Novice: 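Once you've had a glance at the structure underneath, I'll fire off some questions.
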Amino acid sequence: MFKGFYTVATGMVSQQRKTEIITNNMANANTPGFKSDQSTIRSFPDMLLSAVGNTNLPTDKQLSMANIQQIGSVNTGVYLQETLANYTQGSIYETSQKTDVALINGTMPTDEDSGQVGSIFFRLEHPEGGEAYTRNGNFTLDGQGYLVNAQGLYVLSAEGERIQLPNDQYNLTQEGNIFVDDQLAASLGVSFSANPNTLMKQDNGLYRTVDGENLPTAFGQEGVTFSMQQSYLEGSNVDSAQSMTDLLTAYRAFEANQKVLQAYDKSMEKAVNEIGRV
């Protein structure tokens with residue numbers, strides 16, 4: 001059986017998964033607060049081929065004595081190593097809805113261990129317990145006057161409590177303080193993640209911690225500055241033009257692997273139908 005058959009197959013699978021990630025990014029290009037995903041493809045370790053008939057694994061000493069006839073190496077394919085979200089700031093645009101809030105990054109410290117720049121998120125109450133996090137500030141008031149997101153999850157205050165307001169005619173300061181009739185009603189909760197790549201990305205633009213622990217508050221964190229803007233939203237950070245280019249590149253790579261696979265298939269067919277008759 002041809003080893004290249006499997007190598008080409010892994011390339012097709014990897015490009016297919018990459019295409020799915022890119023198309024998901026493009027589908028959410030207009031989703032507020034959406035963070036695009038980036039994928040990395042890595043090759044499996046190469047195999048070193050030696051002469052047929054040698055049943056013993058070579059040692060470093062044997063290799064140095066050159067008593068084993070080496071044929072060469074062969075690539076064993078590629079795989080999609082990981083998918084990471086891009087947490088850079090999206091563009092800010094006006095909506096004229098007083099319940100919409102844009103979270104605007106200021107300065108963010110860099111994690112010493114991972115080299116990743118930190119990020120901030122709105123705090124939400126998750127129905128399964130604990131907190132969820134989002135950059136989508138498309139909020140509204142439910143029937144009881146609680147501030148909720150588009151999926152109905154309660155928006156939490158800086159103290160971790162639900163925010164209940166008499167109406168949507170309130171004013172929000174850049175620090176996140178909500179004033180109703182010139183009286184402080186609540187403060188929007190914002191959490192900070194030193195390494196956002198450790199968060200689990202879920203549906204509807206939500207993020208959760210792997211261990212279920214709540215993120216620390218962003219207020220008072222050293223080196224963290226940010227602001228909020230009422231009646232504005234943060235758009236997605238998807239680059240549509242670059243995504244289209246990457247999508248075409250992935251398609252071309254898939255087609256190239258497909259043609260090689262067809263060539264292997266014809267070679268196998270010839271070996272079975274012609275050489276097998278000899």
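Keep in mind it's a predicted model, so treat the numbers as computed, not measured. Heavy atoms only: backbone and side chains are in, while hydrogens, waters and symmetry mates are out.
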Novice: What pairs with Arg208 under salt bridge (charged side-chain N to carboxylate O under 4.0 Å, His left out), at least two apart in sequence or on another chain?
Specialist: none
Novice: Looking only at side-chain N and O atoms, does Asn195 offer a donor or acceptor that is under 3.5 Å from a partner on Asp111?
Specialist: no
Novice: Just to verify, what does Glu131 make a side chain to side chain contact (heavy atoms under 4.5 Å, CB included) with, not counting sequence neighbours?
Specialist: Arg123, Tyr133, Leu156, Ser191, Asn214
Novice: Working to the nearest 0.5 angstrom, can you tell me the gap between Ile178 CD1 and Tyr170 OH?
Specialist: 5.5 Å
Novice: In Å, rounded to the nearest 0.5 Å, how long is the span from CG of Leu141 to OH of Tyr146?
Specialist: 12.0 Å
Novice: Sort and list the pairs that fulfil salt bridge (Lys or Arg N to Asp or Glu O under 4.0 Å) and have at least one residue in residues 7-34, not counting sequence neighbours.
Specialist: none
Novice: If we only count heavy atoms from C-beta on, is the Glu175 to Ser227 side-chain gap below 4.5 Å?
Specialist: no
Novice: Kindly say whether Leu206 contributes a backbone atom to a donor-acceptor pair with the side chain of Asn204 at under 3.5 angstrom?
Specialist: no
Novice: If the test is side-chain hydrogen bond (donor to acceptor under 3.5 Å, both in side chains), which one of Asn197, Thr198, Thr110 qualifies with Gln116?
Specialist: Asn197
Novice: Is there side-chain contact between Leu165 and Ile163, with at least one heavy-atom pair below 4.5 Å?
Specialist: yes
Novice: Taking only residues two or more places apart in sequence or in another chain, which ones pass ring-ring contact (aromatic ring centres under 6.0 Å, His included) with Tyr207?
Specialist: Tyr87, Phe121
Novice: Sort and list the pairs that fulfil side-chain hydrogen bond (donor to acceptor under 3.5 Å, both in side chains) and have at least one residue in residues 154-164, not counting sequence neighbours.
Specialist: Glu125-Arg162, Ser157-Glu159
Novice: Look at the side chain of Thr107 and the backbone N and O of Gly223, then say whether any donor-acceptor pair between them is shorter than 3.5 Å.
Specialist: yes
Novice: Establish, from distance only, whether the side-chain atoms of Ser96 and Ser231 form a donor-acceptor pair under 3.5 Å.
Specialist: no
Novice: Keeping Asn149 on the side-chain end and Gln151 on the backbone end, is there a donor-acceptor pair under 3.5 Å?
Specialist: yes
Novice: My understanding is that only residues two or more places apart in sequence, or in another chain, count here; which of them pass salt bridge (charged side-chain N to carboxylate O under 4.0 Å, His left out) with Lys35?
Specialist: Glu234
Novice: Under 3.5 Å, is there a donor-acceptor pair between the Asn237 and Arg135 side chains?
Specialist: no
Novice: Using side-chain heavy atoms (C-beta onward) and a distance below 4.5 Å, is Leu172 in contact with Val101?
Specialist: yes
Novice: Would one find more than 12 heavy atoms of other residues, nucleotides or ligands at under 6.0 Å from atom CZ of Phe179?
Specialist: yes
Novice: Do the side chains of Ile120 and Asn105 get nearer than 4.5 Å, heavy atoms only?
Specialist: yes
Novice: Kindly indicate whether the side chain of Asn171, heavy atoms from C-beta on, has any atom under 4.5 Å from the side chain of Asn177.
Specialist: no
Novice: Taking only residues two or more places apart in sequence, or in another chain, which ones meet Lys98 in a salt bridge (charged side-chain N to carboxylate O under 4.0 Å, His left out)?
Specialist: none
Novice: If you look only at pairs with a residue in residues 239-255, which of them pass as a salt bridge (Lys or Arg N to Asp or Glu O under 4.0 Å), with sequence neighbours excluded?
Specialist: Arg252-Glu255
Novice: Return the set of residues passing side chain to side chain contact (heavy atoms under 4.5 Å, CB included) with Asp211 (not counting sequence neighbours), or none when no residue passes.
Specialist: Thr209, Glu213
Novice: For Phe219, give me all partners under ring-ring contact (aromatic ring centres under 6.0 Å, His included), at least two apart in sequence or on another chain.
Specialist: Phe226
Novice: Extract all donor-acceptor atom pairs below 3.5 Å that involve side chains of residues 24-32 and protein atoms in other chains or at least two apart in sequence.
Specialist:
from	atom 1	to	atom 2	distance (Å)
Asn24	OD1	Asn28	ND2	3.4
Asn25	OD1	Asp37	N	3.0
Asn25	ND2	Asp37	O	2.9
Asn28	OD1	Thr31	OG1	3.1
Asn28	ND2	Asn24	O	2.8

Novice: Please name all residues satisfying ring-ring contact (aromatic ring centres under 6.0 Å, His included) with Phe34, sequence neighbours left out, ordered by chain then number.
Specialist: none
Novice: Only one of Thr140, Thr95, Asn136 clears side-chain hydrogen bond (donor to acceptor under 3.5 Å, both in side chains) with Asp100; which?
Specialist: Thr95
